[in-house]
Amino acid sequence: MLHLTLNARVVSATHLPPVLDEMRRTGATEHGIARMITKAESLAVALEHVSRVQANLLKQEMLAAGGDAALSRGTCSEEVSETGVLLVGSRRQFADLISRLAEEPFNLPEIAREIDRTLGAYGRRRFTLRMGSRELALGPRPALVGVVNVTPDSFSDGGRYLDPKAAIARGEALIAEGADLLDIGGESTRPGADPVAPDEELARVIPVIRALAAGATPLSIDTRHARVAREAVAAGACLVNDVTGLTGESEMARAVAETGAGLVVMHIQGDPRTMQQNPAYDNLMADICRFLRRGIMAAREAGVPEDHLLVDPGFGFGKRLRHNLQILSRLGQLRTLGRPIMVGASRKRFIGDVTGVEAPAARLFGTAAACALAVAQGALALRVHDVAEMRQAVAVAAAVVAVDET
Ligand code: HH2
């Protein structure tokens, strides 16, 4: 699979609307602007596992186009057989590179198509998420996903909504606060949590799903178990939120495909019991991207249509403080995957580490900052415990994003 191997990723891109605005103010013609703007947009695209011969030709062609390519030093001295590549140049230089590569041997036309596809995916800002018979428009307005934990031990609200009546009331309250979707879970995945048997998980979530499914708000089931996913969808859920990103039960992808539900593919390193013991990455964003790509491919191979998928970097799932902060700062790179980004930073430990606020339920303002930063980077679904408060934060961030898009 070429695109998994290459793991092409847009690392950065110029924010163009202010440039366009100033160009127009000069009185330049639209025709002139259309030509000039491709020079004003600076792009950096990372590729992995490029063979020595491909890398040398990429460098040569990108230099000829007026850009450049960073490669391993050993590529020239023939000490390495493959290398990572960082292509840098303007939009125009990338277009030139892509047409030059179309004429080259050594699979370079495929690399060109992958770069082109990646740039196209990165630019996408609106999606229609399909989940069974439901649809949810994502972008320009991000969706708020309210969390309902039907558990005795969730990290921030364990025990509060274990009673089905309390969980149903919580779900209704979150809908009244403006939730676009509810994510219902019967197993805590906090660091160190003990797994819950599917029978117990089902006993917790099914009555809550049945009761809330009568309303208009779509429901998601937060589970690692294929059986729970199937029964939850039969009871009225339309989205499966699998925190293992399809690396847990092998049946999960088929279960989602057969039910027609949507799927959240979330990144995790390790499993909840051990994930925080010593998380380490070669290249954090590249590793997350590759994991999510694998999940997308596994879902598609099982028959889940692409427009049923969301991706999520999995804040706190096998990440140190620095990792969580870097993900938030570089989240936009995941737009490369061409699927809407969900973010679940709500009340999490890293917010407590930065703010010194120990009680998870008191991490409201920190959560609001994280949500706003995520929206600024392109997140289109925010999984939160405090819908009313985050609705304000997200509305402000989304309005700032939108002001440059219209
Ligand atoms: N975080 C949690 C659970 N599920 N799903 C997605 N897609 N993204 C997340 O970041 C995410 C998630 C953990 O939060 P919570 O459900 O409140 O806690 P617990 O696992 O302890 O029940």
Side-chain angles (χ1 to χ4, degrees), residues 129 131 138 143-162 167 170-171 174 179 181-196 200-201 204-205 208 219-225 228-229 232 237 239-248 252 256 261-269 271-273 275-276 288 291-292 295 309-319 323-324 327-328 331 334 339-352 359-361 363-364 367 370-371 374 379-387 390:
L129 179 68
M131 314 171 279
L138 295 174
L144 285 161
V145 181
V147 178
V148 181
N149 284 323
V150 197
T151 58
D153 56 346
S154 283
F155 80 95
S156 82
D157 54 7
R160 285 192 68 184
Y161 310 111
L162 185 57
R170 177 66 177 162
L174 293 176
L181 201 112
L182 291 182
D183 187 34
I184 299 162
E187 179 189 43
S188 170
T189 46
R190 72 179 198 289
D194 284 326
V196 174
E200 173 62 23
E201 209 183 326
R204 293 177 186 173
V205 297
V208 180
L219 307 178
S220 157
I221 172 71
D222 185 345
T223 187
R224 302 190 273 173
H225 300 295
V228 176
L239 180 66
V240 176
N241 176 19
D242 175 15
V243 299
T244 75
L246 296 183
T247 61
M252 185 58 111
V256 176
L263 174 69
V264 182
V265 180
M266 197 199 78
H267 175 270
I268 185 170
Q269 189 182 83
D271 72 84
R273 252 189 300 187
M275 64 192 178
Q276 287 308 104
I288 292 176
F291 178 103
L292 294 175
L309 301 174
L310 287 147
V311 293
D312 184 328
F315 279 95
F317 285 86
K319 279 109 185 165
H323 297 142
N324 289 306
I327 294 168
L328 200 44
L331 186 73
L334 298 185
R339 296 309 309 151
I341 301 168
M342 180 187 271
V343 160
S346 184
R347 299 183 176 179
K348 283 193 175 159
R349 174 80 254 162
F350 79 95
I351 295 173
R363 295 175 185 154
L364 270 178
T367 299
C371 285
L380 289 176
L382 289 308
R383 181 184 182 279
V384 297
H385 302 84
D386 307 285
V387 170
M390 297 317 135

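In listed order, ligands and their atoms are each counted from 1.
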Residue among T367, D386, D157 satisfying side-chain hydrogen bond (donor to acceptor under 3.5 Å, both in side chains) with R347: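 It is D386, the one option of T367, D386, D157 that forms the side-chain hydrogen bond (donor to acceptor under 3.5 Å, both in side chains) with R347.
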Amino acids in close contact with ligand 1, where any non-hydrogen atom sits under 4.0 angstrom away: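 Around ligand 1, where the cutoff is 4.0 Å for heavy atoms, the contacting residues are N149, S154, F155, S188, T189, R190, D222, N241, V243, V264, M266, D312, F317, M342, G344, K348, R383, H385.
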Option among M342, R339, M266 that satisfies the side chain to side chain contact (heavy atoms under 4.5 Å, CB included) test with L310: M342
Residues which pass side chain to side chain contact (heavy atoms under 4.5 Å, CB included) with D183, listed by chain and number, not counting sequence neighbours: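 Applying side chain to side chain contact (heavy atoms under 4.5 Å, CB included) to D183 gives V145, S220, D222, N241, R383.
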By side chain to side chain contact (heavy atoms under 4.5 Å, CB included) - contacts of A229 (at least two apart):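 For A229 the side chain to side chain contact (heavy atoms under 4.5 Å, CB included) partners, ignoring immediate neighbours, are T223, V240, M252.
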Aromatic plane relationship, F315 with F350 - under 30° parallel, 30 to 60° tilted, over 60° perpendicular: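 Rings of F350 and F315: parallel, as their planes differ by under 30°.
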Salt bridge (Lys or Arg N to Asp or Glu O under 4.0 Å) against R349, all qualifying residues, sequence neighbours excluded: D353, E358
